Amino acid sequence: MFLKHIALVVPVLLFLLLQYSSAKVTYNVLSFGAKANGRSDSKNAFLKAWNLACASTSPAIIYVPAGRYLIASAVTFAGQACKSKAITFKIYGTLVAPSSYNAIGNSEVWIKFHRVNHVTISGGTLDARGAPLWACKSSGKRCPKGATSLGFYHSQNIVISKLRSLNSQMFHILLYACNNAKIQGVSIVAPGLSPNTDGIHLTSSTGVTVLNSKIATGDDCISMGPGNSNIWIEKVACGPGHGISIGSLGWDLQEAGVQNVTVKSTTFIGTQNGVRIKTWARRSNGFVKNVVFQHSTMVNVQNPIIIDANYCPNKKNCPNHVLGVKISNVVYEDVHGTSATQVAVKFDCSKGKPCSGIRLKDVNLKYRSRPAMSSCSHVAGVVSGLRGFTSCL
Ligand SMILES: *[C@@H]1O[C@H](CO)[C@@H](O)[C@H](O)[C@H]1NC(C)=O
């Protein structure tokens, strides 16, 4: 009898203990004074919810109901002292920036996470209202540089899921020195002529996955700066935009390289570039190696495949050092579709450090229904299975 009870009670207690220790606490921003009217600054309410979530010893949810929440100045969610094992922002609403661009335009980032671990952003919209700043920039007046909409710095185990980012002043999403991040199902929207509105920018990060996302913007859909490794990008649609780019690299002499990057099952529609590697012609010990571009569809893309080791967007005081960034082991496989220009594949590599180990496999690119052309400078590699395209390799 006694034994029988023990046998029953112990599992029940264990069950309750497990339930309790993994119980989630929820902090609704409305409970801390946030207003869903788009006009009252809700920044402090979000910070209060964050501080409680961060201090909680159980996993926490910060709940943002539907509605528009003004975040009137740059905000930092700091994670260094957090006790919680995981914090999820469950967002049904929209975070909006002030209409005057000066309010966030001199900050590096509008919504910043610093030294956080196990943070998830699920759903929601960020509306940075970048248009007036772009207009200022194109008028030639003095304007602020603009803020990145969402930035994670020195953080680990990040998930950004089903977030929508509209009209960022500068980059939409930035990961800087992050480790293990997953970005999935995001939608990024800004006009094709909005300046420097890169969709997702990665610097010095490792173990980053970008999946099932749609990016329409004015600069690179995804750009990867120095120091990135183990990057996986799959099922991303880009356009308008400047393509998916590694770079720009080679600005500094001492620069961390980029390695182990896979970009697969991507679609580019009307973009300036498809898959691109861009490096300055400056003396640098930076490098790019072990990159795979696979299964890409190009629709009317100006430069479907391009390595530009003489990157110099303003065409002013362009450097021309022959010992730039070393580029090696880059595979282009099953890249097909249409080019908007006759030269669909351009390899313009560094003279002193030629591109090596470049492989073109099953590349089929057409220009006006005829085989497109390629141009090669300081590049070595192999080709196979080419149709509808003439290779200079
Ligand atoms: C390359 O990156 C992938 C993730 O994208 C990872 O699974 C793999 O282990 C990495 N390979 C090497 C050799 O580091």
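The shown structure was predicted, so the numbers you read here are calculated from the model rather than taken from an experiment. Start at 1 and go down the list; that is how both ligands and their atoms are numbered. Scope of the values below: all heavy atoms of this structure, side chains included, with no hydrogens, waters or symmetry mates.
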Report task. Report the relative orientation of the aromatic rings in Phe152 and Phe113; use parallel for angles under 30°, tilted for 30 to 60°, perpendicular for over 60°. Result ->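 The arrangement is parallel - the two ring planes meet at less than 30°.
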
**Report entry** Lys112 charged N/C atom sitting above Tyr153 aromatic ring, 6.0 Å / 45°
**Finding:**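 Yes; both conditions hold, so Lys112 lies above the ring face of Tyr153.
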
**Report entry** Lys NZ or Arg CZ of Lys289 over Phe287 ring: under 6.0 Å, within 45°
**Finding:**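 Verdict for Phe287: a cation-pi partner in Lys289.
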
Requested in this report: Look only at the side chain of Ser374 and the backbone of Cys392, and say whether a donor-acceptor pair between them is shorter than 3.5 Å.
Outcome: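 Yes; judged by distance alone, with no hydrogens or angles, the pair exists.
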
Query raised in the report: With distance as the sole test, does Asn228 use its side chain to make a donor-acceptor pair with the main-chain N or O of Leu202 at under 3.5 Å?
Result: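 The answer is yes, because a donor-acceptor pair under 3.5 Å joins these two groups.
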
Report task. Check Ala147 against Trp110 and note the closest heavy-atom contact, atom names and distance. Result ->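 Nearest heavy atoms, Ala147 then Trp110: CB-N, 3.9 Å.
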
Report task. Taking only heavy atoms of the protein into account, state which residues are under 4.0 angstrom from an atom of ligand 1, in chain and number order. Result ->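 Within the 4.0 Å shell of ligand 1, which is judged on heavy atoms, sit Asn230, Ile231, Trp232, Asn260.
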
